[in-house]
Protein chains: 2
Amino acid sequence: MSELPSPVSGTAPDTLDPHRKHIGPLEKECPVWAAINVLRGRWKPSILCEIVKQPQRYSDIRKALPHISAQTLTVQLRELEADGLVVRDVYAEVPVRVEYRLTPLAESLSEVMDELEQWGARYLQERAGSGH
Amino acid sequence: MSELPSPVSGTAPDTLDPHRKHIGPLEKECPVWAAINVLRGRWKPSILCEIVKQPQRYSDIRKALPHISAQTLTVQLRELEADGLVVRDVYAEVPVRVEYRLTPLAESLSEVMDELEQWGARYLQERAGSGH
DNA sequence: CGGAATCCTATTTGATACTG
DNA sequence: CAGTATCAAATAGGATTCCG
């Protein structure tokens, strides 16, 4: 019986970031701020929306979001991973295949993002109507 | 979760302008991003949470959020005002009294913020449990 | 009281080139 | 394919001082 390449979960190389440092005292006590914060990256909502459909490879995400740079995509994926929203599966093939998928925690967030999307649509509409 | 109408997805002809040199503070075509963006300021969730109880004066907000500087509070209030979330009422008294209150748009946002708060609480709990 | 003006630092993102 | 490394630019936020 041949073995399928089994995914090895997570833990990207530990280049722990120059980008994420201690944010501030309010963070620990404020769930709203914590939630906003995990979505704060410029491309994170888009990234999550891409891989919610199905697990995606690094290059797939780049194709879907052509304006993000490789560096930024890497950083934001690492942060999402550190925040427990994304899992990085490495398949030991040649060439190597890496897939990113959402955790259940992130799937529950995507429901909140639906609400955010609805509110954002109203917001954009009202601003357009009042000649923003 | 529905799909983000974010930069270039799928098969549609690319009518999205390639003007990527200047990405404004608001991503016009992405409601989720727009919603995140109006809450993005470091103190905006806290400010809204303060005002939602009842209209508040500038100095009241400062007392409630002692770590915010006068400058930053002013800037973030102006941004919230420009975004149509906050109304600034000036009473011609001596000394002048200024009160800030939420618009209906902001009140509908506060419901979404409740969802964000619940998700944020789960997020913080899971991270605490896994030795973040 | 309720800010505005100015200066300054830290964080975030992008562009470009290179690698195992 | 899936990233790193480096540099540069844009932004956000804080500290301080001054004002009607």
Side-chain angles (χ1 to χ4, degrees), chain A residues 5 7-8 10-27 33 36-47 51 55-81 86 88-100, chain B residues 7 18-27 33 36-47 55-63 65-81 86 88-100:
Chain A
V8 179
T11 39
D14 191 356
T15 52
L16 256 186
D17 51 288
H19 295 277
R20 171 175 300 267
K21 294 186 70 174
H22 185 53
I23 296 292
L26 190 64
E27 181 185 12
W33 174 252
I36 295 288
N37 220 31
V38 303
L39 290 173
R40 191 175 177 170
R42 172 69 183 80
W43 299 97
K44 285 179 185 175
S46 298
I47 291 169
I51 64 185
Q56 304 262 335
R57 305 178 63 165
Y58 182 89
S59 51
D60 294 331
I61 302 173
R62 289 211 69 186
K63 277 172 211 150
L65 308 172
H67 301 301
I68 191 173
S69 70
Q71 156 79 338
T72 302
L73 178 55
T74 299
V75 169
Q76 306 220 340
L77 281 171
R78 292 288 182 274
E79 289 178 358
L80 290 169
E81 196 187 352
V86 159
R88 182 171 179 268
D89 293 320
V90 181
Y91 297 85
E93 301 170 351
V94 179
V96 66
R97 178 162 58 100
V98 179
E99 280 187 358
Y100 294 91
Chain B
H19 70 315
R20 288 298 131 174
K21 296 307 176 186
H22 303 292
I23 297 177
L26 288 180
E27 186 75 68
W33 174 252
I36 295 286
N37 221 27
V38 302
L39 290 174
R40 193 175 175 175
R42 174 68 181 82
W43 300 97
K44 285 179 184 174
S46 299
I47 292 170
Q56 305 260 336
R57 303 178 64 166
Y58 182 88
S59 50
D60 294 332
I61 303 173
R62 289 212 69 186
K63 277 170 212 153
L65 307 172
H67 295 106
I68 189 172
S69 71
Q71 157 78 341
T72 302
L73 178 55
T74 298
V75 168
Q76 306 219 341
L77 281 171
R78 293 285 181 275
E79 289 176 358
L80 291 169
E81 199 186 347
V86 159
R88 183 173 178 267
D89 293 319
V90 181
Y91 297 87
E93 300 169 354
V94 179
V96 67
R97 179 163 58 98
V98 179
E99 281 189 358
Y100 294 90

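The sequence lines fix the lettering, A, B, ..., with proteins before strands; numbering per chain opens at 1. Computed from a prediction, not measured in an experiment: that's the story for all the values here.
Panel note: side chain A:Tyr58, backbone A:Ala70; a donor-acceptor pair is recorded below 3.5 Å.
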Could I get a table of every N or O pair under 3.5 Å where one atom is in the protein and the other is in nucleotides 13-20 of chain D?
unit_1: D:dG13; atom_1: OP1; unit_2: B:Arg42; atom_2: N; d: 2.5
unit_1: D:dG13; atom_1: OP2; unit_2: B:Gln76; atom_2: NE2; d: 2.9
unit_1: D:dG14; atom_1: OP1; unit_2: B:Trp43; atom_2: NE1; d: 3.3
unit_1: D:dG14; atom_1: OP2; unit_2: B:Trp43; atom_2: NE1; d: 3.3
unit_1: D:dG14; atom_1: OP2; unit_2: B:Thr72; atom_2: OG1; d: 3.0

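Applying the salt bridge (Lys or Arg N to Asp or Glu O under 4.0 Å) test to B:Asp89 and every residue at least two apart in sequence or in another chain returns B:Arg101. Applying the side-chain contact (heavy atoms from CB on, under 4.5 Å) rule to B:Glu79 yields the partners B:Lys44, B:Val75; only residues at least two apart in sequence or on another chain are considered.
Atom-to-atom, CG of A:Leu65 to P of C:dT13 comes out at 14 Å; the value is rounded to the nearest Å. Rounding to whole angstrom units, CD1 of residue A:Ile47 and P of D:dA2 are separated by 15 Å. One atom, CG of A:Leu73, and another, P of D:dC1, lie 14 Å apart when rounded to the nearest Å. Straight-line distance from the CZ atom of B:Arg97 to the C1' atom of C:dC1: 12 Å, rounded to whole Å. Between the C1' atom of C:dG3 and the CD atom of B:Glu99 lies a distance of 16 Å, rounded to the nearest Å. A straight line from CG of A:Asn37 to C1' of D:dA12 spans 13 Å, rounded to a whole angstrom. Per the geometry, CG belonging to A:Asp60 stands 11 Å off C1' belonging to D:dC1, to the nearest Å. Taking atom OH on B:Tyr100 and atom P on C:dC1, their separation rounds to 14 Å, with Å as the unit.
Considering CZ of A:Arg40 and CZ of B:Arg42, their distance stands at 8.0 Å, rounded to 0.5 Å. In this structure, B:Gln71 CD and B:Gln76 CD are separated by 10.0 Å, a value rounded to the nearest 0.5 Å. With rounding to the nearest 0.5 Å, the separation of CD1 in A:Ile61 from OH in A:Tyr100 is 7.0 Å. Residue A:Asp60 holds its CG atom at 8.0 Å from CD of A:Glu99, rounded to the nearest 0.5 Å.
Listed candidates were D:dC1, D:dG3, C:dG2. Nearest to the side chain of A:Arg78 is D:dG3.
Considering only side-chain N and O atoms, B:Arg62 lies nowhere under 4.0 angstrom from the phosphate OP1 or OP2 of C:dG3. For D:dA2, one of the phosphate oxygens OP1 or OP2 lies less than 4.0 angstrom from a side-chain nitrogen or oxygen of A:Ser59.
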